Number of protein chains: 2
Amino acid sequence: MEARIETIKQQLQSQGYKLTPQREATVRVLLENEEDHLSAEDVFMLVKDKAPEIGLATVYRTLELLSEMHVVEKLNFGDGVARYDLRADNSKHHHHHLICVQCGSMEEIKEDWLLPLEERLEREYGFAVADHRLDFQGVCRRCQEKNDQPNE
Amino acid sequence: MEARIETIKQQLQSQGYKLTPQREATVRVLLENEEDHLSAEDVFMLVKDKAPEIGLATVYRTLELLSEMHVVEKLNFGDGVARYDLRADNSKHHHHHLICVQCGSMEEIKEDWLLPLEERLEREYGFAVADHRLDFQGVCRRCQEKNDQPNE
DNA sequence: GTTCCTGCAAACAATTTGCATTGAT
DNA sequence: ATCAATGCAAATTGTTTGCAGGAAC
């Protein structure tokens, strides 16, 4: 973890930015919650534990900055809140989401199923893919089972 | 076009809703701009030409209603505005987007490349896919060519 | 005469911005 | 002393809601 912070610090410095205490606290929160998709507000509340005087605007500015540097990825699940994901070390963001329209749960698929498609895209459309995003809406297994029961 | 309006009218009526003049004007705007991804504000301005007294809230309510009835699809490209797309007749929304991070252009791919994946999803994850959404970020052909020129 | 639908204005939520202050080099 | 970064509050933007009036069965 310290190593990753160091990497990010250098990435920032190489662009003339500093890793201030507030920024570091924000990055730590993201590292500690790598599995989640935190909203700016979520991050803010978690950062506040470490650095109580931080302002929400700073969190937004930091997330924006990290997003521009491709340290985090800004996601959007259509619920009106932007969510932020730490990127796996300098690689593309290769996972997909299964969003259940019934219970709102979200499952992640870690494999990348799109490489063949991306190759085809470059070939047929001349489009150089940098990243992608694939979400499926539908009904998850649990809700399907619930639906099948002759309602209690 | 009249036929499609008639279909939508019946779809609404079957659920106890009416196709009011405002709603009809909204649907017409969507039909006339089927290729675009209009934001609520966009729709509002276009509808105003036909029905100047319509209120923005009504447009939102109509789009929300149509969205619930699966007449339109609410899309989200991560720019903070919801966009609305008329669904091709009662089918899934089978197209993907190529978003150029350099010039901001967006191209659409009409084919559906995901059917095999969706089958696999149902098999391996027990997830019943109702819809999906696939966007690629990258650099479009035009911008690539521009970049290759030894800058003028 | 209910009930649904509308327009308007106010409310709201997420995000951004202006600005005076602080902190590091 | 400069210049970036911060906290706070105010502003902005996209969207939703409350409510009184209108239209339709």
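Note on naming: letters A, B, ... go to the chains in the order of the sequence lines (proteins, then strands), and numbering restarts at 1 for each one. All of these numbers come straight from a predicted model, not from anything done at the bench.
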For this session: Extract, from 5' to 3' on DNA chain C, the first and final nucleotides lying under 4.0 angstrom from some heavy atom of chain A.
Result: C:dA14 to C:dG18
Exercise. Can you list every side chain to side chain donor-acceptor pair (under 3.5 Å) pair that touches residues 41-60 of chain A, not counting sequence neighbours?
Worked result: A:Glu32-A:Lys50, A:Ser39-A:Asp42
Problem set entry | Sequence-distant partners of A:Glu35, side-chain contact (heavy atoms from CB on, under 4.5 Å), two or more places apart | A:Lys110
For this session: Please figure out whether B:Gln22 or A:Ala82 has its closest DNA chain C nucleotide nearer the 5' end.
Result: B:Gln22
For this session: Scan residues 14-29 of chain A for pairs that pass salt bridge (charged side-chain N to carboxylate O under 4.0 Å, His left out), counting only residues two or more places apart or in two chains.
Result: A:Glu2-A:Arg28, A:Glu24-A:Arg28
Problem set entry | Candidate pair B:His132 and B:Leu117, rule side-chain contact (heavy atoms from CB on, under 4.5 Å), full reasoning | CA-CA 11 Å; B:His132 61 239; B:Leu117 294 191; over 6 Å; no
Exercise. Who passes side-chain contact (heavy atoms from CB on, under 4.5 Å) against B:Gln13, sequence neighbours left out?
Worked result: B:Lys9
Seminar exercise, completed: Taken to the nearest whole Å, OH/B:Tyr17 to C1'/D:dC25 is 17 Å
For this session: Output all residues satisfying side-chain contact (heavy atoms from CB on, under 4.5 Å) with B:Asp79, sequence neighbours left out; order by chain, then residue number.
Result: B:Phe77, B:Val81, B:Arg83
Seminar exercise, completed: In whole angstroms, the gap separating C1' of D:dC8 from CZ of A:Phe44 amounts to 11 Å
Seminar exercise, completed: Taken in chain and number order and not counting sequence neighbours, the residues that satisfy salt bridge (charged side-chain N to carboxylate O under 4.0 Å, His left out) with B:Arg141 are none
Problem set entry | Counterpart residues, salt bridge (charged side-chain N to carboxylate O under 4.0 Å, His left out), relative to B:Arg61 (two or more places apart) | none
Exercise. What pairs with A:Glu119 under salt bridge (charged side-chain N to carboxylate O under 4.0 Å, His left out), at least two apart in sequence or on another chain?
Worked result: none
Exercise. Partners of A:Leu121 by side-chain contact (heavy atoms from CB on, under 4.5 Å), sequence neighbours excluded?
Worked result: A:Tyr125, A:Val129, B:Leu98, B:Ile109, B:Trp113, B:Phe136
Exercise. Residues from residues 53-64 of chain A sitting under 4.0 Å of DNA chain D, heavy atoms only?
Worked result: A:Glu53, A:Ile54, A:Gly55, A:Ala57, A:Thr58, A:Arg61
Exercise. Which residues in residues 23-30 of chain A have at least one heavy atom lying under 4.0 Å from any atom of DNA chain D?
Worked result: A:Arg23
